Amino acid sequence: MTLLRLTDVGKSYGGVSAVRNFSLDVEEGEIVGLMGANGAGKTTAFSLIAGTQHVTTGQIWFADERIDQKPAYQISRLGVARTFQIVRPFSGLTVLENLVVAALHGHQRAPSRSSADARSLAILQEVGLADQADRLAGTLTLAGRKRLEIARAIATAPRLLLLDEVLAGLTATEVAAALDMIRHLHQRYQLTLVVIEHVMRALMKLCSRIVVLHHGEKIAEGAPADIVADQRVISAYFGKRVS
């Protein structure tokens, strides 16, 4: 089943096009990677899907419902969640309270504070933060804040999770642990994932299919092994044809 569909999506700011004629189908249960150099339009595409920005042209469908003109809170309640490149937890709230807010206001909203607490504690256990539930979110390490960002998105009970550079800034050991966690969450919560990542080896290991954006346009799509050998991708990254 196609869970997410983008058809000829474009986003312009005045005379500048951030995304042009972008089409993409994501099947339920897939893990799809979205790669491209800085400024390629990846995060803009996420913002269009999540509803924090609206398309200039084209259509976006989620679970057979058109969503491209809906506000972000409505899209969240349909089952779309995202993380952000720069993690900004509610620093003055505890780790647990950050998740409770999400559990009470996302898709499949918890009917009470006690049920929100229970869901949130279970998720913190899954991401390895249960022992820090009562700690202020602003005091976590970068790796801890990244895990909290993912956990907070999971607490909304999404069907589709958009992960925006959740591995950025992590050590090699932390990246390996985060990949294991993401795979576990994908299976545990039966998620569909679209992942933006500049850690290319990680993206190749995690995703079954990769889509490449360059100057707002899709230039390649396929299995990881095909993408790394694609001359259009090599040229986009290195500025020349590699023989």
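Residues: numbered from 1 along the sequence shown. These numbers come from the heavy atoms of this one structure, side chains and all, not from hydrogens, waters or symmetry mates. In this text, all values refer to a predicted model and were calculated from it rather than measured experimentally.
Applying the salt bridge (charged side-chain N to carboxylate O under 4.0 Å, His left out) test to residues at least two apart or on different chains, the pairs with a partner in residues 161-172 are R82-D164. Evaluation of the salt bridge (charged side-chain N to carboxylate O under 4.0 Å, His left out) test over residues 50-79, restricted to residues two or more places apart or in two chains, returns E65-K70, R66-D68.
Here the closest non-hydrogen pair linking L3 and R159 is CD1-NH2, 3.4 Å. In terms of heavy atoms, V95 sits closest to L140 at CG2-CD1, 3.8 Å. Shortest non-hydrogen contact noted between F84 and E149 is N-OE2, 2.9 Å. A pairwise comparison of heavy atoms in A153 and A81 identifies O-CB, 3.8 Å as the closest pair. In terms of heavy-atom proximity, A178 sits nearest to L170 at CB-CD1, 4.3 Å. Taking both residues in full, the closest heavy atoms of A137 and L148 are given as CB-CD2, 3.6 Å, listed atom of the first, atom of the second, then distance.
Note: the hydrophobic cluster containing L24 also contains V55 (ILVMFWY, side chain heavy atoms under 4.5 Å, direct or indirect links). Linking ILVMFWY residues whenever their side-chain heavy atoms come closer than 4.5 Å, directly or via other members, places V80 and V211 in the same cluster. No chain of hydrophobic side-chain contacts below 4.5 Å, direct or via other Ile, Leu, Val, Met, Phe, Trp or Tyr residues, connects L161 to Y73. Linking Ile, Leu, Val, Met, Phe, Trp and Tyr residues whenever their side-chain heavy atoms come within less than 4.5 Å leaves L163 and L6 in two separate clusters. By the rule that hydrophobic residues join a cluster once side-chain heavy atoms approach within less than 4.5 Å of another member, L185 and V194 end up as members of separate clusters.
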Side chain to side chain contact (heavy atoms under 4.5 Å, CB included) assessment of E174 paired with L142: CA-CA 10 Å; E174 289 167 343; L142 176 61; over 6 Å; no
Audit row: R135, L129, side chain to side chain contact (heavy atoms under 4.5 Å, CB included) steps and yes/no: CA-CA 10 Å; R135 182 173 175 176; L129 289 176; over 6 Å; no
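Counting only distance, with no hydrogens or angles, the side chain of H186 and the backbone of L191 share a donor-acceptor pair below 3.5 Å. Using a distance-only test at 3.5 Å, with no hydrogens or angles considered, no donor-acceptor pair links the side chain of S235 to the main chain of Q231. Between the side chain of R20 and the backbone N or O of H215 there is at least one donor-acceptor pair closer than 3.5 Å. In this structure a side-chain-to-backbone donor-acceptor pair under 3.5 Å is missing from S115 to A110. Distance alone, capped at 3.5 Å, places no donor-acceptor pair between the S76 side chain and the A72 backbone. A donor-acceptor contact shorter than 3.5 Å links the side chain of K42 to the backbone of A37. Side-chain N or O atoms of R152 include none that pairs as donor or acceptor with a backbone N or O of N98 at under 3.5 Å.
Side chains of T171 and T173: a donor-acceptor N/O pair is absent below 3.5 angstrom, by distance only.
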Per-pair distances, 0.1 Å, donor-acceptor, side chain in residues 218-228, under 3.5 Å, sequence neighbours excluded:
residue, atom, partner, partner atom, Å
K218, NZ, S23, O, 2.7
K218, NZ, E221, OE1, 2.8
E221, OE2, R209, NH1, 2.4

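When each of L206, L193, I31 is checked for a side chain to side chain contact (heavy atoms under 4.5 Å, CB included) with R183, only L206 meets the rule.
The line from CZ of F22 to CG of D8 is 11.5 Å long, rounded to the nearest 0.5 Å. Summarising the geometry, atom CD belonging to E197 is positioned 11.5 Å from atom CG belonging to L34; distances are rounded to the nearest 0.5 Å. Atom CD1 of I196 is separated from atom CG of L167 by 12.0 Å, given to the nearest 0.5 angstrom. In this structure, the separation between CD on Q132 and CG on D134 is 10.5 Å, given to the nearest 0.5 Å. A distance of 4.5 Å separates CD1 of I210 from CG of L203, quoted to the nearest 0.5 Å. Note that NZ of K205 and CZ of R201 are 7.5 Å apart. Values are rounded to the nearest 0.5 Å.
Side-chain contact check for V26 versus T192: some heavy-atom pair is nearer than 4.5 Å. Residues L96 and V100 are in side-chain contact: their nearest non-hydrogen atoms beyond the backbone lie under 4.5 Å apart. Looking at heavy atoms from C-beta onward, K146 lies out of side-chain contact with T141 at the 4.5 angstrom threshold. Side-chain contact between T2 and W61 is absent, with no heavy-atom pair separated by less than 4.5 Å. The side-chain heavy atoms of V166 and I182, taken from C-beta on, include a pair separated by under 4.5 Å. Residues F62 and I49 have side chains not in contact (no heavy-atom distance under 4.5 Å, counting atoms from C-beta outward). Side-chain contact check for R109 versus L104: every heavy-atom pair is 4.5 Å or farther apart.
Here S208 pairs with E30 under the side-chain contact (heavy atoms from CB on, under 4.5 Å) rule; sequence neighbours left out. Remark: A18 engages Y13, T44 in a side-chain contact (heavy atoms from CB on, under 4.5 Å) (not counting sequence neighbours).
Annotation: Q69, atom CD; neighbour count of heavy atoms from other residues, nucleotides and ligands within 6.0 Å is above 12.
Other members of the hydrophobic cluster containing V101, listed by chain and number, are F90, L93; membership follows side-chain contacts under 4.5 Å among ILVMFWY residues, whether direct or relayed.
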